[in-house]
Protein chains: 2
Amino acid sequence: MWLRRERPLRDRRLSRAHIVGAAVPVLDTEGHRGLSMRRIATDLGVTAGSLYWYVRTKDDVLELALDRVLGEVNADPEEPDWRHGLAALARNTRAMLLRHRWALLELTVRPNLGPNAFTLAETGLHLLSRAGFADADLDAAMATVNDQVVGAVIAEVAWRDTLTRMRESGAEWTQHATTAYLRDVAARHPLLAHRMAAGKGADVERDSERRFEFALSCLLAGLSATCDATIPSEHPQAAPAAR
Amino acid sequence: MWLRRERPLRDRRLSRAHIVGAAVPVLDTEGHRGLSMRRIATDLGVTAGSLYWYVRTKDDVLELALDRVLGEVNADPEEPDWRHGLAALARNTRAMLLRHRWALLELTVRPNLGPNAFTLAETGLHLLSRAGFADADLDAAMATVNDQVVGAVIAEVAWRDTLTRMRESGAEWTQHATTAYLRDVAARHPLLAHRMAAGKGADVERDSERRFEFALSCLLAGLSATCDATIPSEHPQAAPAAR
DNA sequence: ACCTGAACACCGTTCAAGT
DNA sequence: ACCTGAACACCGTTCAAGT
């Protein structure tokens, strides 16, 4: 996609920018299911076939849409404390992904070669290199943080979506078949049962954030320990100050 | 899905087991794109409509297929060293996901309520509880490990898939447009450029494993530090032995 | 109870033909 | 150069009708 330059413009009514501009709102409000080439076309007052003048497949549209929303994430590569910088980057990414939930799938289905993706990667690398990582470890550390964020938000979104879906289709938790199935599960899995009981009246919003922060501090502690072990002369402090 | 019990059998030619038995091989060899209700039906010598007697939507089929392959992951909840136990669970999960790449999408698109999913969750919780985690922290720790594994394998698979796709469609790395685009990117992003240069002749297989192990040890170090901080009386050892 | 056959309402993509 | 209109080859799902 990013290799195919947009055609020079003359008297046209469309452009890639127009197409993503139409696609993103549809994705935000109706999800992947709601987006079709025909839908984008009619929103732009045009025929479905026309889009193929600007874009080779529907996947191209999604790739463009992803890079657009990646542009919404901002992070400061010059933040003095690399831990704070990385944490901010992670939190901002999470917030963006919660605004554009469809983007998670695009982010994960292929590597990301758009300009905004590269910019974000560079600031992440910059922060981690200042932490003392280099070469293969720099790659690995960056990947670890990214993967944690993506994995966490994926799980969070999946959970939130089913909760709202269940709210829409009536409170199925209290259905007979459901309680029977869950009782069966609980009987076989004591720890799971204990956790399920605790999660009954939980606040999804707060819990998700707690978990995200737990994972983040856990990971930063692990990264600190790892880079201190590799380059012990870098940070001659008393304690790595986890959390 | 898991709430709708299978109908009692009489003289039928089909069952849910038959359906997943037909679906999984198609998914393994041809991916999501290759799987359609009509395809499953013809493979079973039957009409597409028939499947809807056993299953309510195509999503049900995918949910069943996911739980089947989750059953391939084995892990020992009684492993004495919880770190070893968790690492093994993580590695086995990764291996399974590399065998059934389509499963990643299913795993992430909704929470997972099949019997095999519950069993795996229980052994993970068991290992972490023996590490000293409890209540909300137990949840969070489990989620952190899961999310790391899922996030890492997603990125790995996305990367591998594009590599093979590029191999199939001719070596596009050396195309003029590609090199121009990448040179442009490299000019703007020094650290990225450095890493891209290093990744030229890399071995994907080995690198993926290295990264996975890096993330794993990083995370286990972070978890050890966290639980030692919470319950310092639990493990009165000299050092947490990271890596 | 279980399965067929045909239909419905969609898809993404292609491509001649117009302007 | 850019867009239309119509077609192609598919989808998932429904449902009367058969057995």
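Order of the sequence lines sets the chain letters (A, B, ...), proteins ahead of strands, with each chain counted from 1.
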| said: Please report the distance separating the P of dA9(D) from the corresponding atom of dA9(C), rounded so that it comes out in whole Å. | reply: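 Looking at atom P only, dA9(D) and dA9(C) are 22 Å apart.
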OP1 or OP2 of [N] less than 4.0 angstrom from a side-chain nitrogen or oxygen of [X], does that happen here?
X	N	result
Ser50(B)	dT4(C)	yes
Trp53(A)	dC2(D)	yes
Thr47(B)	dC3(C)	no
Tyr54(B)	dC3(C)	yes

The side chain of [X] lies closest to which of these nucleotides: [options]?
X	options	value
Leu14(A)	dT13(C), dC3(D), dC3(C)	dC3(D)
Tyr52(A)	dC11(D), dG12(C), dC2(D)	dG12(C)
Val46(A)	dT4(D), dT13(D), dG12(C)	dT4(D)
Arg38(B)	dT4(C), dC11(D), dT13(C)	dC11(D)

| task | Output yes when Arg110(A) and Glu106(A) qualify as a salt bridge under the 4.0 Å nitrogen-oxygen rule, no when they do not. | result |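 Between Glu106(A) and Arg110(A) there is a salt bridge, with a charged N closer than 4.0 Å to a carboxylate O.
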| field | Geometric cation-pi criterion, Arg188(A) with Phe118(B): 6.0 Å, 45° | value |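 Verdict for Phe118(B): no cation-pi partner in Arg188(A).
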| Mate of dA16(D) where both pairing distances stay under 3.5 Å, Watson-Crick or G-U |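 Across all strands, the one nucleotide that pairs with dA16(D) is dT4(C).
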| field | Strand partner of dC10(D), provided both Watson-Crick or wobble distances fall under 3.5 Å | value |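 When the pairing criteria are applied, nothing turns out to pair with dC10(D), so the answer is none.
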| query | NA contact type, Leu44(B), heavy-atom cut-off 4.0 Å: base, sugar-phosphate, or nothing? | reply |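 Touches nothing.
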| Just how far, in rounded Å, is P of dT13(C) from CG of Leu62(A)? |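 Result: 10 Å.
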